[in-house]
Amino acid sequence: MEYDVKYFDRFVRIFAKYLTENKEYLTQLDAAIGDGDHGINMDRGARTALERLGTMNPKTPRELLRIVGMALLSSVGGAAGPLYGTVFMKMSMTIGNKEKIDDKDLVKALENALIGIKTLGKAEVGEKTMVDVWEPVVEFLKEKVLNEENEISEICREIIKLAEERMKATIPMQAKKGRASYLGERSIGHQDPGATSSYLFFKSLCEALSE
Amino acid sequence: MLSLLILSHSPDVAKGVKDICLQMAPSGVLIEAIGGTKDGELGIDAERVSHCLEELIEKSDGVIIIGDIGSTILAAKSAINLLGMPKNVKIADAPLVEGAIVAAVEASLGSSLDIVVKKAEESKHVKKL
């Protein structure tokens, strides 16, 4: 499969739709253990990204992902702004000048996005953050796509299932990073909002394949 | 001359900390403060942080950044990444109010960037009682 600017445009629109649909849900999750703005912030980011894509009309994946990254950086407000901003900027940088990329390039872009998140937030798996979804999914993609040479479209169901499992696995964790870490043990028993929006990210990435 | 960039989730806190710093160090250091989202809500506008940092790098010999919690530091780090990791920019691991005051005074006295960061970071050990 080849991924061009149209694919990334579909992906961003699906992700934006999910963020807007889940605005209340993400905010409720964040209200339990954080500052209660993740849904509002991500919805604002999604709408800003779509507005800028509409006016700037990018012609390449690099341009499109950069516009989305800057839109999230400027409008999201919470920690998710720099974190998701970094995701899109790192993907943009990895793809470089290519008009179209293949499955392996996409996995490498996602791997660099994960490295960006971890460098910025200093979070590791098990600390109740977006990394709890990102790292296992990226490891799975590296194994399946880089090593075993599958196409992402063949393993979509498994990717979504894994992301969902890892999202739910944040419920019993005690937060070690971010605002939720101030709560100590009281953060146990709640699903992490960043892990939840990360699940929506990978779900959107897969669903954009089939449209 | 060095510059100091104050970051807070709250526009009021950012402005308030800047006011205190200016009282202590009215000249000899360039002070900017950013707080809140684009809509004036609690949060941080990382794009604005990036643009402001770019300006301060041009206008001064070095920038020390001090933020309050979590996402202000992430915003600062991502701005530094976006600008290609400039060497003369440092984030101080210091409490916002005390650290910013110490940094402003130290910078206004003409100390180097490393010294200013060190002094600001030492402020977290200052005993108040």
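Throughout, a chain's letter reflects where its sequence line sits, starting with A, and its residues are numbered from 1.
Contact annotation for B/Thr37: only side-chain heavy atoms (C-beta onward) come within less than 4.5 Å of a heavy atom of chain A. Neither the backbone nor the side chain of A/Lys177 comes within less than 4.5 Å of any heavy atom of chain B. Interface residue A/Thr119: only backbone heavy atoms are found under 4.5 Å from chain B. Neither the backbone nor the side chain of B/His51 comes within less than 4.5 Å of any heavy atom in chain A. Both the backbone and the side chain of A/Met70 have a heavy atom closer than 4.5 Å to some heavy atom of chain B. Within the 4.5 angstrom heavy-atom criterion, only side-chain atoms of A/Leu83, from C-beta onward, approach chain B.
In terms of heavy-atom pairs under 4.5 Å with chain A, the best-connected choice from B/Asn81, B/Ile69, B/Ile73 is B/Ile69. Per-residue counts of heavy-atom pairs under 4.5 Å with chain A were compared for B/Leu42, B/Val49, B/Asp39; the largest is that of B/Asp39. Residue with the most contacts toward chain A among B/Ala46, B/Ala79, B/Gly43, B/Ser50: B/Ala46 (heavy-atom pairs, distance under 4.5 Å). When each of A/Arg44, A/Met93, A/Met89 is scored by its heavy-atom pairs under 4.5 Å with chain B, the top score falls to A/Arg44.
For the pair B/Leu7 and B/Leu96, the tightest heavy-atom approach, listed with the atom from each and the gap, is O-CD1, 3.9 Å. The shortest non-hydrogen separation linking B/Leu56 to B/Leu4 is CD1-O, 4.5 Å. In terms of heavy-atom proximity, A/Ala195 sits nearest to A/Thr170 at CB-CG2, 3.7 Å. When all heavy atoms are compared, the tightest approach of A/Ser74 to B/Glu47 is CB-OE1, 2.7 Å.
The only member of A/Thr20, A/Thr48, A/Thr27 that meets side-chain hydrogen bond (donor to acceptor under 3.5 Å, both in side chains) when paired with A/Asp43 is A/Thr20.
Using a 4.0 Å cut-off between charged side-chain N and carboxylate O, A/Glu135 and A/Lys118 make a salt bridge.
A perpendicular orientation is assigned to the rings of A/Tyr3 and A/Tyr7, their planes being inclined by more than 60° (bins at 30° and 60°).
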